[in-house]
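All residue numbers refer to positions in the sequence shown, counting from 1. Keep in mind that this is a model prediction, so the values were computed, not measured.
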Amino acid sequence: MSKPNRDLISICIPVYEMFEQGVDYLKHSLSTIVEQDYPNIQVVVSDHSLNNNIKDLCDKFASTLDIKHVFNRNNVGSSSANINNAVHHADGKIIKILFQDDFLLHPKAITLQVESLISSTRKWCITACAHTQDGTSIIDPYYPVFNTNILFNNTLSSPSTLMVYKENYQQADLNLLWFMDTDCYYRLYLTTGEPAICHYITVVNRRHPNQITNTLVDDELVTFEREYLKQKYNS
């Protein structure tokens, strides 16, 4: 593998209380960032929560991480708005999205995805991932494959697998929740082409009862968003 790139990577984390689990999940995620061997990382936490618990946690990590905490009082409850706000405050040339309940698998996670991105001629990169239900046991590895019907057929996985040059980042659509990620992927494809694929598992997606797909998503929402996208792209 070639020498690691030294460009600043901004890991953008949208956060909220997450039914009183948000602090614990974020603490675990931040601890995996501290362990990274990549030499130039900034963490940007965009906070929709209504108390200072997450800010206090970020303050505790300030001695070991270059971490920027920003409260986001706009569009509270919209993960799309919170991701956009985190990216807006990022200083890095390259953006890495990471949801607060997901985490990096091992110390080379960022280096491996950065290398996959910069060694290609692509403007964005999706990494292989795995899953966990207890935060410890790693199950169900997933290896992404791009398809041109990515808008309605997500073969890439969650936003936590995305890395993209900031100048190419596509603003998440505030009208979307379930299809927010595939809409971003589709617009990245339309504007920059296909992604690079990191075939190493670097990210772990956490499954739990309080994740958005289990609390806010139902058939009515999915149907509404599908029709919205058909009109958006005249398809």
Assess whether side chain to side chain contact (heavy atoms under 4.5 Å, CB included) is satisfied between N84 and L174, documenting all intermediate values. CA-CA 9 Å; N84 290 341; L174 302 187; 4.0 Å; yes
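- To the nearest 0.5 Å, the span separating CG on L30 from CD1 on I13 amounts to 5.0 Å.
- Between the CG atom in L221 and the CG atom in L177 there is a gap of 5.5 Å [rounded to 0.5 Å].
- Other residues, nucleotides and ligands contribute over 12 non-hydrogen atoms within 6.0 Å of the CD atom of E227.
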For the pair Y185 and F146, evaluate ring-ring contact (aromatic ring centres under 6.0 Å, His included) and give the outcome as yes or no after the intermediate values. CA-CA 10 Å; Y185 301 157; F146 180 76; 8.9 Å; no
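- Formation of a donor-acceptor pair under 3.5 Å by the T155 side chain with backbone atoms of V145 is found in this model.
- Note: E194 CD to L188 CG = 12.5 Å, rounded to the nearest 0.5 Å.
- Between F179 and Y228, the distance separating the two ring centers is not shorter than 6.0 angstrom.
- Within the 4.5 Å cutoff, no side-chain heavy atoms of V203 are placed close to those of L105.
- Within 6.0 Å of NZ on K68 lie more than 12 heavy atoms contributed by other residues, nucleotides or ligands.
- Residue pairs satisfying the ring pair (Phe, Tyr, Trp, His ring centres under 6.0 Å) criterion with at least one member in residues 71-93, sequence neighbours excluded, are listed as follows: H69-F71.
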One pair to check against side chain to side chain contact (heavy atoms under 4.5 Å, CB included): D7 and N40. What are the steps and the verdict? CA-CA 7 Å; D7 287 328; N40 200 10; 5.9 Å; no
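- Using modelled atom types, one side-chain atom of Q36 and one backbone atom of A109 make a donor-acceptor pair closer than 3.5 Å.
- Under the 3.5 Å distance criterion, the side-chain polar atoms of S116 are left unmatched by any main-chain donor or acceptor of A196.
- A 4.5 Å side-chain heavy-atom check between Q100 and S29 finds every atom pair outside the cut-off.
- Ion pairing of R207 with D140 is present here, as a side-chain N (NZ or NE/NH1/NH2) and a carboxylate O approach within less than 4.0 Å.
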Could you give me the CA-CA distance, side-chain angles and deciding distance for Y25 and D102, then say whether side chain to side chain donor-acceptor pair (under 3.5 Å) is met? CA-CA 8 Å; Y25 290 154; D102 300 333; over 6 Å; no
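- Side chain of R187 to main chain of Q171: a donor-acceptor pair is present (N/O by atom type, distance under 3.5 Å, no hydrogens or angles).
- Taking CZ from F103 and CD from E35, the interatomic distance works out to 11.0 Å, rounded to the nearest 0.5 Å.
- Residue V70 is not grouped with residue L57 when hydrophobic side chains (ILVMFWY) are merged at heavy-atom distances under 4.5 angstrom, including chains of intermediate members.
- Contact between I9 and M163 at its shortest, heavy atoms only, is CG2-CE, 4.5 Å.
- Residues I41 and D66 have side chains not in contact (no heavy-atom distance under 4.5 Å, counting atoms from C-beta outward).
- No more than 12 heavy atoms of other residues, nucleotides or ligands sit less than 6.0 Å from atom CZ of F224.
- In this structure, I94 is a member of the same hydrophobic cluster as I33, with clusters built from ILVMFWY side-chain heavy atoms closer than 4.5 Å.
- Side-chain atoms of T161 come within 3.5 Å of backbone N or O of S158 as a donor-acceptor pair.
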Stepwise side chain to side chain donor-acceptor pair (under 3.5 Å) test for D134 and S137: CA-CA 6 Å; D134 59 10; S137 301; 3.1 Å; yes
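- The OG atom of S78 sits 12.0 Å away from atom OH of Y16, with the distance rounded to the nearest 0.5 Å.
- Within a 6.0 Å sphere centred on CG of N51, other residues, nucleotides and ligands contribute more than 12 heavy atoms.
- With hydrogens and angles ignored, the 3.5 Å screen pairs no side-chain donor or acceptor of N205 with any backbone N or O of C129.
- Ionic pairing of D56 and K60 is not present here: no N-O contact between side-chain nitrogen and carboxylate oxygen is shorter than 4.0 angstrom.
- Of all the heavy atoms in Y169 and A172, the pair that sits closest is OH-N, 3.7 Å.
- By the side-chain hydrogen bond (donor to acceptor under 3.5 Å, both in side chains) test, D24 is found to be paired with no residue, residues two or more places apart in sequence or in another chain being considered.
- Between L104 and V204, the closest side-chain pair of non-hydrogen atoms is not below 4.5 Å.
- Between K166 and D91 there is no salt bridge, since none of the side-chain N atoms of the basic residue sits less than 4.0 Å from a carboxylate O of the acidic one.
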I83 and N85: CA distance, side-chain angles, deciding distance, side chain to side chain contact (heavy atoms under 4.5 Å, CB included) verdict: CA-CA 5 Å; I83 291 173; N85 189 61; over 6 Å; no
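- The closest side-chain heavy-atom distance from T127 to Y200 is not below 4.5 Å.
- Remark: K123 engages no residue in a salt bridge (charged side-chain N to carboxylate O under 4.0 Å, His left out) (not counting sequence neighbours).
- Shortest non-hydrogen contact noted between N147 and N153 is ND2-O, 3.0 Å.
- Atoms CD1 and CD1, from I197 and I126 in turn, are 6.5 Å apart once rounded to the nearest 0.5 Å.
- When side chains are defined from C-beta on, D173 does not count as touching L229, because their heavy atoms never get closer than 4.5 Å.
- With respect to R206 and D101, no salt bridge is recorded, no charged nitrogen being found less than 4.0 Å from a carboxylate O.
- With respect to the salt-bridge test (charged N to carboxylate O, under 4.0 angstrom), the residues D37 and K108 qualify.
- What you find for L112 and C198 is that their closest heavy atoms are O-SG, 3.8 Å.
- Proximity of a side-chain donor or acceptor of T192 to a complementary backbone N or O of Y189 within less than 3.5 Å is not detected.
- Just one of N168, T191, L162 meets the side chain to side chain contact (heavy atoms under 4.5 Å, CB included) condition when paired with W124; it is L162.
- V114 and L65 end up in the same hydrophobic cluster when Ile, Leu, Val, Met, Phe, Trp and Tyr side chains are linked at under 4.5 Å.
- The two atoms that bring Y143 and A128 nearest to each other are CD2-CB, 3.7 Å, heavy atoms only.
- C125 has its side chain out of reach of P195: every pair of non-hydrogen atoms, C-beta onward, lies at least 4.5 Å apart.
- Of the residues R226, K232, K230, the one that meets the salt bridge (charged side-chain N to carboxylate O under 4.0 Å, His left out) test with D183 is K232.
- In this structure a side-chain-to-backbone donor-acceptor pair under 3.5 Å is present from E225 to W178.
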From CA spacing to verdict: side chain to side chain contact (heavy atoms under 4.5 Å, CB included), K96, S10: CA-CA 6 Å; K96 169 66 188 163; S10 291; over 6 Å; no
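- Looking at heavy atoms from C-beta onward, M180 lies in side-chain contact with P159 at the 4.5 angstrom threshold.
- Heavy-atom minimum distance, Y186 versus T148: CE1-O, 4.1 Å.
- With hydrogens and angles disregarded, a donor-acceptor distance shorter than 3.5 Å links the side chain of E17 to the backbone of L50.
- A chain of hydrophobic side-chain contacts below 4.5 Å, direct or via other Ile, Leu, Val, Met, Phe, Trp or Tyr residues, connects Y233 to F152.
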